[in-house]
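First up is the structure itself, then whatever we jot down about it.
In this text the structure is predicted, and so the values were computed from the model without any measurement. Values reported hereafter were calculated over all heavy atoms of this structure, with side chains retained and with hydrogens, waters and symmetry mates removed. Order of the sequence lines sets the chain letters (A, B, ...), proteins ahead of strands, with each chain counted from 1.
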Amino acid sequence: MAKENSLIEEIVSLCKRRGFVFQSSEIYGGINGFFDYGPLGVELRRNIKDAWWEDMVRRREDMVGLDSSIIMNPRIWKASGHIDGFSDPMVDCKESKMRYRADQLFAADIRVEGDSLGWICLVESVDMQDEAEKKAELIKRKAAKQGKLEPVELRPYDELSTDEQKLVPSPATGTVGSLTEPRDFNMMFQTNVGALRDASSEAYLRPETAQGIFANFKNIIDTGRVKVPFGIAQIGKAFRNEITPRNFIFRSREFEQMEIEYFIPPDEDAWPQYHREWIDTRMSWFSSIGLTADFLGEEVHPKHKLAHYAKACTDITFKFPFGEHELEGIAARGNFDLTQHQEHSGKNLEFFDEARKEKYLPHVIEPSLGVDRTFLAVICSAYQIDEVEGEKRTVLRFHPRIAPIKVGVFPLVKNKPVLVERARKLYHRLQRKWNVIFDQSGAIGRRYRRIDEVGVPFGITVDFETIEGDGSITLRDRDTTEQIRLSEEEAISYLEEKINP
RNA sequence: GCGGGCGUAGCUCAGCUGGUAGAGCACCACCUUGCCAAGGUGGAUGUCGAGGGUUCGAAUCCCUUCGCCCGCUCCA
């Protein structure tokens, strides 16, 4: 465990040192759950997204793209269930560490002829009134109080005044004052649209990109010349006000998703096959961008844990240094979302299937992936410490396709202008194709190590043979550290093949 | 949110019986260097996480706050 902890710390440290990931607002003391991506991070992130878009959208016939807005009509979140599902004020018992929904906690002041004997509190249930009255009797007897018990009037905890709440005992321990004030745990960030800050202007930052796809379903089937089965893909930021952001960029409050809603015929037996296909498609994609196969896993959600509308959900997991966690969720959601939006919007969202000559609401398979989680998994897969000629070396073995920098170009030594000029010329030439760097400072071995640590897959060195001999350069491989001599043209087509498979 | 640990240079950390900051690595410039972290010379770097208090004097003691890590809790 200690060893594993230090691994993630090493990775976090490397991410900062080499400009992959910074804590957001660092000079102001930071802000929990937000991150900034530095010069190398932004390249890596972009390459991951580009690879996904290329493979999932452009190279398929059955996919189209979308980029919907982050703030949408709040009725979308009503329809999707996000407002009702996540807006409950919660109350903690400081003593028992139990957490309750404030509207499910009921309390009453027990009074005998005007004198208060203290409050009781219980969790909502069908027979709570009986229970409350029994408790009241008990309290009266204990207090040895004479007189008539006033009717026990149970009220929800969140409707009590702050002063009253302070008198309420914890339902778990009976201790007065151990309950906290109700706190809102809605995970959606709220904002206001327009100048007025009243209820009518309330809006939310989207907690997922998926609803933007469902909300545009009608637009796309009306204009996109699509036929079921087909998918709509979207990459974009989403925001969740997580109670506890943890594990570096794994769970943050602002994150980016790559989501697909793949619409399929509504037949009851149709979805398992599509679901399986998508799991396989996604799994092999992860391998193709260089995630370590041994770290990848599948986790099937047990039936009783599924949301009521979901038919199945399989997570693709990754063994991070802090444990095995979800990278991507692939859910079979039936037609729940389209049904909801059809009802709430009052618009017909049915698709007319020419082949079947019928209208229906398609069902959907939803592969939903986090960009930042993938980013972290890529780095965890790539991070290695090995030995080169007895020296320890830190190396990021990124797949050439997603490596932030593809090639380092070096003059063998920097005090020979012809070498430097020739190398710089090649650098400018390669720059038109890829993100490459030029480095002339320090011994050549030191420069190789520098690029190893930021995962540059190839190094090209211009040496005396380039100038005086046949013009060939040496191409050095990051992973094997082996070098081969190639002409410039050969080198470029070699790189082409490796970088753009 | 609760409990525990921790915030000093880009990184790793030392200094913490109060006397106004240091090492190694990294970085920059120049010299040297004919292929895997060579060497030399010079250089930049911190309001010691932030705010407040105690004190003649605080990185060091006290309080508050922010952030990070671990556990619990919560959780599409």
By nearest atom, which of the nucleotides [options] is closest to the [X] side chain?
X: A:Arg450; options: B:C28, B:C74, B:A76; answer: B:C28
X: A:Arg446; options: B:C74, B:A38, B:U33; answer: B:A38
X: A:Ser441; options: B:C35, B:G34, B:C28; answer: B:C28
X: A:Ser13; options: B:C35, B:C11, B:G67; answer: B:C11

Length of the [atom1]-[atom2] vector between [X] and [N], whole Å:
X: A:Gln440; N: B:U32; atom1: CD; atom2: P; value: 14 Å
X: A:Arg18; N: B:C27; atom1: CZ; atom2: P; value: 7 Å
X: A:Glu326; N: B:A76; atom1: CD; atom2: C1'; value: 7 Å
X: A:Arg449; N: B:C36; atom1: CZ; atom2: C1'; value: 5 Å

Quantified in whole Å, what is the [atom1] atom distance between nucleotide [N] and nucleotide [M]?
N: B:C48; M: B:C11; atom1: P; answer: 16 Å
N: B:G22; M: B:G3; atom1: P; answer: 39 Å
N: B:G52; M: B:U12; atom1: C1'; answer: 31 Å
N: B:G57; M: B:A21; atom1: C1'; answer: 16 Å
N: B:G19; M: B:U64; atom1: P; answer: 25 Å
N: B:G43; M: B:G7; atom1: P; answer: 32 Å
N: B:C36; M: B:C70; atom1: P; answer: 40 Å

For a quick check of understanding: with a heavy-atom distance under 4.0 Å over all strands, which category does [X] fall into, base, sugar-phosphate or nothing?
X: A:Phe22; result: nothing
X: A:Gly38; result: nothing
X: A:Lys416; result: nothing
X: A:Asp452; result: nothing

Open item on the list: Taking atom types as they are modelled, would you say the side chain of A:Arg447 forms a donor-acceptor pair with the base of B:C36 within the 3.5 Å cutoff?
Closed with: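 Absent.
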Task: Any donor-acceptor N or O pair under 3.5 Å, side chains A:Asp315, A:Thr317 - done: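 A:Asp315 vs A:Thr317: no donor-acceptor pair found between side chains.
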Open item on the list: Once you measure the plane-to-plane angle for A:Tyr494 and A:Phe458, does it fall in the parallel (<30°), tilted (30-60°) or perpendicular (>60°) bin?
Closed with: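 Aromatic pair A:Tyr494/A:Phe458 classed perpendicular.
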- [ ] State whether A:Tyr448 and A:Arg476 meet the cation-pi test: NZ (Lys) or CZ (Arg) under 6.0 Å from the six-membered ring centroid, and within 45° of the perpendicular axis.
- [x]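 That pair qualifies as a cation-pi contact.
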TODO: Give, ordered by number, those residues of residues 471-482 of chain A having at least one heavy-atom distance below 4.0 Å to an atom of RNA chain B; if nothing qualifies, reply none.
DONE: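 By residue number: A:Thr474, A:Arg476, A:Thr481.
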